Number of protein chains: 2
Amino acid sequence: MPQIIIADDHPMVRGALTLAVEAAFDQPEILECAHLGAVMQLLESIGAADLLLLDLRMPGVDGFEGLVRVRSQFPATPVVVISALEDPRLVREALALGAMGFIPKSTPRAEIVAALSLVAGGGTYRPDDLAMSAPPPDPKGQATDDDFLQRVLTLTPQQRRVLQLLGTGKLNKEIAYDLDIAETTVKAHVSSILHKLRVYSRTQAVVMAGRLHLDSFADVAEG
Amino acid sequence: MPQIIIADDHPMVRGALTLAVEAAFDQPEILECAHLGAVMQLLESIGAADLLLLDLRMPGVDGFEGLVRVRSQFPATPVVVISALEDPRLVREALALGAMGFIPKSTPRAEIVAALSLVAGGGTYRPDDLAMSAPPPDPKGQATDDDFLQRVLTLTPQQRRVLQLLGTGKLNKEIAYDLDIAETTVKAHVSSILHKLRVYSRTQAVVMAGRLHLDSFADVAEG
DNA sequence: GTGCCAATTGTACTTTGGTACAAGGGTGGT
DNA sequence: ACCACCCTTGTACCAAAGTACAATTGGCAC
């Protein structure tokens, strides 16, 4: 009996997704969450789910922060991103961040079902019209956010946990206490993180990683 | 002949503001900019302007980043924020960040003229209906962004420049090179900054300061 | 089993980061 | 002139950060 979490702050959306999930899986146990906190709490209690349908925008979480946090803390749980937007950049970034799929809310129900089955089978899904749109290679030699994302994905789960705590400005000593490991170990992780991310100080790592969370600039009309 | 910079990416808005400026000042020299880069470049060449009308949202700059950068680099130039939004929180935050006024685009022309005169005379302007709405005191003992803003404002101009470079993840050595001062001096500034901001490491300072730039969450419909 | 890798820890070392104290030059106000 | 404040720099010292090398444990795959 597969455990499937549906996380969206809009009850109507959860209802629609529930139908799709019930059509795609055999006797699924569906767990609904209205905000990210509930998702994290739920995952902590059950360890891992068989699938997480995660809305990009929920109370208290802007862009990819939720995705990043879930992927960091619970890398074993496959995540499919649900979103009202379908900007190709968003799709690419979500997948680069480890999402197993990206389903716009405008997707027909039949296709949602197919998408969920695809992901359940180990595949990754993205909207049809984007399937072939290869990510445009960056002509400039400068490091881009996408490059950085790829590097973040090479971090091990524990290293991501360390990175997350780095992002709060904690000292190695504090991180060690939080994760209940030796400060030496933290240093080892940090050192490895810096190499993988190709930066020379924790502060730079924090600055770079900080961008990822809030770069889901859903263009607002005009300010 | 007062030099006044009008920075807004929308030509129509610049035109309207030009009229207001011409009504409020005697023979003003009006300099128009369509994006923040032009503003910074202009200020660097002329050193300081008598007034800067700055749109919150311009190409390449989301929320208060532009305001922060101008205030940091050119603290002598008074800034009046122009915005389509008029959320009281935005108004308070803009003023807390050192803006001398906040003018919603919906403001009647006559009032804009009055507001500009007010600021030119050393006063600060905010929309009428907000004049009396005191910032709600925080009941919780926790440190808030507003607290932090107040502390950032106690930094000296040079210290803000250092903080800004800290925010890019640079080493003290690099900051020293950029500002053409000794590393010892940078350390002195950093040390003072940490005390004023009440944090214990540069990374924490960067994390805290990082929030200010992007917290202008102009609520998007639904993602 | 063998091999690979994540995770852990230790020792020892170098480099940054940060504090404390002292001091000279500049600006602006009283 | 005097004071306050900013900016600058130096010396000296301590703490934190980061590197390098080596070693053990445990899980997972072939």
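Proteins get letters first, then strands, A, B, ... in listed order; numbering begins at 1 in each. Only a predicted model underlies this, so the values are computations on that prediction, with no experimental measurement involved.
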Comparing nearest nucleotides in DNA chain D, the 5'-proximal residue of the pair B/S201, B/Q159 is B/Q159

Nearest-Å distance for atom pair CZ/P, residues B/R198 and C/dT19:
15 Å

Would you jot down, in residue-number order, the residues of residues 181-189 of chain A having a non-hydrogen atom under 4.0 Å from DNA chain D?
A/K187

Specify the separation, in whole Å, of atom CD1 of A/I193 and atom C1' of C/dA6.
13 Å

Rounded to the Å, how far apart are B/N172 CG and C/dG17 P?
4 Å

Would you mind listing every side-chain hydrogen bond (donor to acceptor under 3.5 Å, both in side chains) that reaches into residues 174-189 of chain B, with sequence neighbours excluded?
B/K170-B/D178

What is the distance, to the nearest angstrom, from the CG atom on A/D180 to the P atom on C/dT8?
10 Å

Verify the neighbour count for atom CD of B/E29: are there more than 12 heavy atoms of other residues, nucleotides or ligands below 6.0 Å?
yes

Rounded distance [0.5 Å steps], CG in A/L51 versus CZ in A/F25
5.0 Å

Atom CG of B/L197 and atom C1' of C/dG17 are separated, to the nearest Å, by 16 Å

List the steps, then state whether side-chain contact (heavy atoms from CB on, under 4.5 Å) holds for A/L155 with A/I193.
CA-CA 7 Å; A/L155 298 181; A/I193 290 172; 4.1 Å; yes

B/H195 NE2 - C/dG18 C1' separation (whole Å):
9 Å

Can you check whether A/A188's main-chain N or O pairs, donor with acceptor, with A/S192's side chain at less than 3.5 Å?
no

To the nearest Å, give me how far apart CD1 (A/I175) and C1' (C/dT8) are.
16 Å

Does B/V190 reach the side chain of B/V162, with side-chain heavy atoms less than 4.5 Å apart?
yes

Does B/L56 reach the side chain of B/I82, with side-chain heavy atoms less than 4.5 Å apart?
no

Atom NE2 in A/H35, atom CG in A/D8: separation rounded to 0.5 Å?
13.0 Å

Nucleotide range of DNA chain D contacted by chain B, 5' to 3', under 4.0 Å to a heavy atom?
D/dC6 to D/dT11

Flag side-chain contact, heavy atom, 4.5 Å: A/L53 against A/I5
no

